Structure formats: structure tokens, C-alpha cells
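Side chains are part of it too, since the values below use all heavy atoms of this structure and drop only hydrogens, waters and symmetry mates. In this text, all values refer to a predicted model and were calculated from it rather than measured experimentally.
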Amino acid sequence: MSKYVAKLALGKAAEHMQNKPSIVERDPEIRAAIEATSASTKKHWWKKRPQADMILSAHDRQILRRVKSRAWHLDCGFQCCCCTVGLDGIIGLVPGIGDVICLFLALNLVRVASKSNLPNHILFKMLVNVFVDFVLGLTPIAGDILDILFKCNWRNYLILEEYLFLRRRDELREERGVGGDYGSTGNSSISKPITKAAITEVGEESSSSLTTAINKNVGATESSTNNNLDTKKSNDNNKKATRNGKNTNRKAQRNKLK
């Protein structure tokens, strides 16, 4: 019933939000990484079932859980009639000051999410959701109903979750030597990234080839120098032999004259 009311009030936006599976369900690489991490960790019967955010860093995992907990209490705290209602919907019923308090709580959630080093376009999406939620809440009665159905805090949590998992997926790709753009939502083309190791390898190859070329040039220069020296020596020897022959002829001529 709540899905029908949300679809009736918000149209295709609500349908897109409700039917869209999470990034963990859509991306096979993330599922494989979760399964591999779960298999490598020790399991005990007293521990809870491993969660999908176990592949994230400790810092990102802590922030994601904090944002999820706050978004749940603000937008999906308990079931009421045909939809889920949180503190945001109840506080928003207070005229005037209620919408301001809800705006402050939503901005505080975005502030907590921003500690994960989010890019500007992700923060812009979150702030747009907060602005839309605030504008909807200004309308009496109907605005409060739309505010409850819109759930800007839960939307921002889903945006944060998708971005953190995609960023972690691309980090794992780089570790395997496969390129990827942080925050990309589609299947990015596989390409080898330009890393420090690759640059070092290329530098080593170029330096080794340069050294080989220099050695070859030095060897060729030395051999040509040796050949020139041998040629000089042979020429000097020929000149000496010619001079000796001339001197011998002169002596022979002098002896004949005497």
C-alpha cells in the first residue's frame, strides 16, 4: 500500500527509487569481493552474519553505518498505516519551526557523509535532495505527506552507499592491474592504469636501452679510433721505408761518382 501511495504522489521518481536494486545486487565484482572477504575471515557462531560493507575501509564503513542509522530513524523509523514514517515526518508536522529542524537534521547527515572524501557532484546530489525535501515541506498538509514519501535522508544514504562501493570496486581493480574511474555507474572499459610501478618499469626499460645504445656507440668509436691509429702507424712505417729507400739510392749514386 505504501508503494502505491508513493507512486501515486511522486510518480516515476518513487518507482525508480523503490524498484532500483542496491549496488551490491547489481555489480558482480562487488559480490565476488564480498564473498572472497567473507571466506577469508574466521567465522564464529556467536558473531553476526557478515555484512556487505565489510569490503570497505574501517573509516568508510563506520561513516556508512552512521549515515544509515540516522537516515533510518529520520525516514523509516516505524510503520504507520500505509507507509513508513520517521522522525523527519513527525517533526515536519510542526508548522514553521518543524521544517527548519528537519532541514538542519538533513544537512547534518550530509556533513557526516562528507567525511568520506566525497566529490563535489555527489555532495551536490545530496544537497539537491535536501532542498527539494525542504520546499515540499513548506506546503501545508500535502507538503507534509510528500515530505514523508520523498525520504531525502534515505535517498542520500543510498547515494553514499553506491559511491563508496563503486570507489572500493575501482580500488580493487587497480590492485589487480585493471583500470577504473571512481564513482562510475556503468561497466568501464578494462585498461591498464598508469601507476608508479608502470612508470618505473618504462623508465628502467628506456634507461637500459639507452645504456645499450651508448655502449654500442662507445664500442664503435673505440674500434674506429683503433683503426685510425693502425692506419697512421702503417702510413708512418711506409714513409720511413720510403725515406730509407731514397737514402740508400743517394748513397749508391755517390759511390758510383767517386
Side-chain angles (χ1 to χ4, degrees), residues 2 17-80 83-92 101-130 133 147-175 180 182-185:
S2 61
M17 179 181 176
Q18 291 167 357
N19 296 333
K20 183 180 179 181
S22 65
I23 185 62
V24 177
E25 298 174 356
R26 300 197 315 267
D27 198 302
E29 292 185 37
I30 295 177
R31 292 200 304 270
I34 294 171
E35 293 174 0
T37 306
S38 177
S40 62
T41 56
K42 294 182 179 180
K43 299 179 181 178
H44 301 284
W45 61 270
W46 64 83
K47 289 187 176 180
K48 295 181 179 179
R49 184 180 178 181
Q51 298 183 6
D53 59 7
M54 63 189 303
I55 65 172
L56 301 177
S57 64
H59 177 70
D60 290 344
R61 183 166 59 247
Q62 181 182 7
I63 291 176
L64 183 64
R65 290 181 179 179
R66 286 176 60 188
V67 172
K68 182 179 181 180
S69 177
R70 294 188 182 187
W72 177 263
H73 288 96
L74 287 173
D75 289 338
C76 310
F78 54 91
Q79 193 79 18
C80 178
C83 59
T84 55
V85 182
L87 294 176
D88 183 82
I90 297 174
I91 297 173
I101 295 175
C102 293
L103 176 64
F104 173 77
L105 294 174
L107 291 176
N108 186 51
L109 186 137
V110 175
R111 182 187 63 82
V112 174
S114 65
K115 294 180 180 179
S116 293
N117 297 325
L118 301 179
N120 292 331
H121 71 276
I122 297 295
L123 293 175
F124 179 75
K125 286 182 180 179
M126 293 183 174
L127 292 176
V128 167
N129 287 334
V130 173
D133 183 79
D147 188 11
I148 293 172
L149 297 176
F150 186 70
K151 303 184 186 302
C152 76
N153 298 292
W154 190 252
R155 285 172 180 263
N156 288 339
Y157 158 70
L158 294 177
I159 291 174
L160 175 66
E161 179 190 43
E162 181 173 358
Y163 175 76
L164 291 181
F165 274 102
L166 287 176
R167 184 170 68 181
R168 180 56 182 159
R169 180 199 66 182
D170 293 339
E171 289 174 356
L172 294 174
R173 283 182 176 182
E174 285 196 350
E175 291 175 3
Y182 286 171
S184 60
T185 55

Considering residues at least two apart in sequence or located in another chain, which fulfil the side chain to side chain donor-acceptor pair (under 3.5 Å) criterion with Ser57?
Asp60
Nearest 0.5 Å, please: how far is CG in Asp75 from CD1 in Ile148?
10.0 Å
Value for CG (Leu87) from SG (Cys102), rounded to nearest 0.5 Å, stands at 9.0 Å
If you apply the rule side chain to side chain contact (heavy atoms under 4.5 Å, CB included), what do you find for Asn117 with Arg167, and how did you get there?
CA-CA 11 Å; Asn117 297 325; Arg167 184 170 68 181; 4.1 Å; yes
How would you list, by chain and number, every residue that makes a side chain to side chain contact (heavy atoms under 4.5 Å, CB included) with [X], sequence neighbours excluded?
X	value
Glu35	none
Asp147	Asp88, Asp133
Ile159	Ile122, Lys125, Met126, Asn129, Asn156

Using atom types as modelled and distance alone, determine if a side-chain donor or acceptor of Arg169 lies under 3.5 Å from a backbone N or O of Glu29.
no
Please confirm whether the backbone N or O of His59 pairs with a side-chain atom of Lys115, one donor and one acceptor, at under 3.5 Å?
no
Set of residues satisfying ring-ring contact (aromatic ring centres under 6.0 Å, His included) with respect to Tyr157, sequence neighbours excluded
Trp154
Looking at residues at least two apart in the chain, or sitting in another chain, which of them share a salt bridge (Lys or Arg N to Asp or Glu O under 4.0 Å) with Glu161?
none
N/O donor to acceptor pairs below 3.5 angstrom from side-chain atoms of residues 61-70, sequence neighbours left out:
from, atom 1, to, atom 2, distance (Å)
Arg61, NH1, Leu56, O, 2.8
Arg65, NE, Asp53, OD2, 2.8
Arg65, NH2, Asp53, OD1, 3.1

